[in-house]
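Step one of this worksheet: look at the structure below.
Every number for a ligand or one of its atoms is a count from 1 in the order of the listing.
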Amino acid sequence: MSPTLAQVNFRKKSIHMSKVQVFDSMTEFLSFRQTFSPDVEIGFVPTMGALHQGHVSLLNRSIDENDFTVLSIFVNPTQFNDPTDFTKYPKTWDADMVLATAAGVNAIIAPTYNQLYPDNYRYKIIEGEFSKKLCGAERIGHFDGVLTVVMKLLQIVRPHKAYFGEKDYQQFKLIHDMVQSFFMPIQVVPCPTLREASGLAMSSRNTRLSAEGLKKAALIYQFISEEKTTVQAAQKLTDHGFQVEYLQDEGDRRFVAAFLEGVRLIDNVTIK
Ligand code: AMP
């Protein structure tokens, strides 16, 4: 008989040899999760797929720091306030499998809406302050959707550590504080923003830009880093054809959301 998962040594080297297990049934994943002995450290990286090197950096960190890494791929409809943005969100399942397997992920969960939302979104996690600013000011209900889906995923995976990119710093901070507020025994780990050589923050949405747009989009990082004030940075972006949704300093960071070629791009930097 093959050993149970609790008996398997999940230490890094052996994991890299093993094949990734894909779960589209959450019932099956929950049964699988129950077989883990408590001393197996689980790392979790939630994503919406269309994986790039930014995601891979989170996966690598998790693989490095844990015995078993779970990746989730779910394009969460409740966090999109714009239905077109949701339908146009890139889906690259086969390429995602290649990247995740090469990185050494152990399990992938890819639930359906009905599996994650048996309540059809009657129950929500709502934060009343920071979630209403920046990305939450224009995208009404965006962070309700984010926090709710992350809460559900954390309950399913029950990781020791969960990894989030600083590219979505507001999201990281809201999730970090949610986990603390609800006494969840999970370490929420921030990971630095991975950038193209041009400085452009890697993003699944970049694939929707033209070659020219891709070059121009690097100006976002340049201007928010170089300009002294938010007004100057916003003006420069506008002059170059961006529609700026917001450009604001908040705490020790400068945050921006701007549209280029109809694609919404976000970034943030620490203020020097
Ligand atoms: P997404 O699939 O866009 O929802 O992103 C999944 C996770 O990857 C989130 O925690 C993001 O903050 C993180 N992420 C996305 N892009 C980057 C990047 N360029 N660098 C680091 N982390 C990223």
For [Y], is there an ion pair with [X] - N to carboxylate O distance below 4.0 angstrom?
X	Y	value
E227	R254	no
K216	E212	no
R208	D85	yes

Top protein contact for atom 20 (N) of ligand 1, by heavy-atom distance: L194 N, 2.8 Å

statement: When distances are taken from atom 10 (O) of ligand 1, the protein heavy atom at minimum range is G165 N, 2.9 Å

Geometric N/O contact [X] with ligand 1, under 3.5 angstrom:
X	answer
D168	yes
H55	yes
C191	no

message: Working note: L30 + I156, criterion side chain to side chain contact (heavy atoms under 4.5 Å, CB included); need CA distance, chi angles, decisive distance, verdict.
response: CA-CA 7 Å; L30 286 166; I156 291 169; 4.1 Å; yes

Which atoms of ligand 1 have any heavy atom of [X] under 4.0 Å away?
X	answer
M202	16 (N), 17 (C), 18 (C), 19 (N)
P46	6 (C), 7 (C)
Y89	3 (O)
F164	10 (O)
T193	20 (N), 21 (C)
T47	2 (O), 6 (C)

- prompt: Does H52 reach ligand 1, in the sense of a heavy atom lying below 4.0 Å from it?
  reply: yes

query: Hey, is Y169 one of the residues with a heavy atom under 4.0 angstrom from ligand 1?
result: no

- prompt: If you take all heavy atoms of P90 and S204, which pair is closest and at what distance?
  reply: CG-O, 3.5 Å

message: Could you check whether N114 and T112, counting side-chain N and O atoms only, form a donor-acceptor pair closer than 3.5 Å?
response: no

message: Is a donor from one side chain sitting under 3.5 angstrom from an acceptor on the other, for N76 and Y89?
response: no

Can you tell me which portion of [X] lies within the under-4.0 Å heavy-atom range of ligand 1? Options are side chain, backbone, both, or neither.
X	result
E166	neither
V45	neither
M48	both
P192	backbone

field: Mutual orientation of the aromatic rings belonging to Y117 and F74 [parallel < 30°, tilted 30-60°, perpendicular > 60°]
entry: tilted

message: Once you measure the plane-to-plane angle for F68 and F36, does it fall in the parallel (<30°), tilted (30-60°) or perpendicular (>60°) bin?
response: perpendicular

message: For residues V150 and M184: do they belong to one hydrophobic cluster (side chain heavy atoms under 4.5 Å, members Ile, Leu, Val, Met, Phe, Trp, Tyr)?
response: yes

Proximity of Y169 and F172 rings by center, below 6.0 Å: yes

